[in-house]
S.K.: 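First the structure, which I've put down as structure tokens, then a few questions once you've had a look.
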Amino acid sequence: ARIARNGALPKPLVGVIVANAGWIARGEVQRALLSNPRVTGAHLDRVLRALSRPELQRIAQQSNYPMAVRLSAKRLLGGG
């Protein structure tokens with residue numbers, strides 16, 4: 001989770017973390033990735049799809065996540 005939170009993390013390493021099912025299933029890693037500005041596009045979608053619907057709803061409403069993350073969560077919920 002500490003590595004996933006690092007904003008200077010190279011994109012290929014973001015891809016390795018996101019591709020690992022064991023890591024992406026952990027809540028602390030999910031939250032760290034969602035807070036990382038380097039997690040975008042397909043990587044962001046994969047992290048969001050690993051969340052339950054109630055978690056997606058919370059993320060869509062919490063202002064501590066970047067706007068792109070909140071908008072992607074709303075889109076997955078069908079509201080944006």
S.K.: Would you call Thr40 and Val14 a side-chain contact if the rule is heavy atoms closer than 4.5 Å?
M.R.: no
S.K.: Nearest 0.5 Å please: distance from the CD atom of Glu55 over to the CG atom of Leu48.
M.R.: 10.5 Å
S.K.: Who pairs with Asp45 by side chain to side chain donor-acceptor pair (under 3.5 Å), at least two apart in sequence or on another chain?
M.R.: Arg75
S.K.: I'd like to check Asn20 versus Val29 (side-chain heavy atoms, cut-off strictly below 4.5 Å). Are they in contact?
M.R.: no
S.K.: Atom CZ in Arg49, atom CG in Leu56: separation rounded to 0.5 Å?
M.R.: 9.5 Å
S.K.: Contact between Leu51 and Leu34 at the side-chain level, heavy atoms closer than 4.5 Å - yes or no?
M.R.: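 The answer is yes, as the side chains (C-beta and beyond) meet within the 4.5 Å cut-off.
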S.K.: Can you name the nearest heavy-atom pair linking Leu9 to Leu13, along with the distance?
M.R.: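 Reported closest heavy-atom pair: CD1-CD2, 3.2 Å.
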S.K.: Is a donor on one side and an acceptor on the other found under 3.5 Å between the side chain of Arg5 and the backbone of Ser35?
M.R.: no
S.K.: Please lay out, stage by stage, how Val39 and Val69 fare under the test side-chain contact (heavy atoms from CB on, under 4.5 Å).
M.R.: CA-CA 9 Å; Val39 180; Val69 171; over 6 Å; no
S.K.: When you compare the side chain of His43 with that of Arg46, does any pair of heavy atoms fall below 4.5 Å?
M.R.: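 Not touching, per the 4.5 Å side-chain cut-off.
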S.K.: Taking all atoms of both residues into account, what is the closest heavy-atom pair of Leu33 and Ala4, and its distance?
M.R.: CD2-CB, 3.7 Å
S.K.: Can you confirm whether Ile3 is buried at CD1, in the sense that more than 12 heavy atoms of other residues, nucleotides or ligands lie under 6.0 Å from that atom?
M.R.: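 Count not over threshold, so no.
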S.K.: Mind listing the closest non-hydrogen atom pair of Tyr65 and Arg70 along with its distance?
M.R.: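 Shortest heavy-atom separation between Tyr65 and Arg70 comes out as O-NH1, 2.6 Å.
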S.K.: Write down the atom of Ala1, the atom of Ala32, and the distance for their closest heavy-atom approach.
M.R.: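 Minimum heavy-atom contact is O-CB, 3.4 Å.
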S.K.: Indicate the atoms forming the closest heavy-atom contact of Ser72 with Leu44, along with that distance.
M.R.: OG-CD2, 3.5 Å
S.K.: The test is side-chain contact (heavy atoms from CB on, under 4.5 Å); show your working for Val47 and Ile24 and say whether it passes.
M.R.: CA-CA 7 Å; Val47 174; Ile24 203 73; 3.5 Å; yes
S.K.: To check you understand the geometry: which heavy-atom pair defines the closest contact between Asn36 and Arg38, and what is its length?
M.R.: OD1-N, 2.8 Å
S.K.: Nearest 0.5 Å please: distance from the NZ atom of Lys74 over to the CG atom of Leu77.
M.R.: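 If we round to the nearest 0.5 Å, Lys74:NZ and Leu77:CG are 9.5 Å apart.
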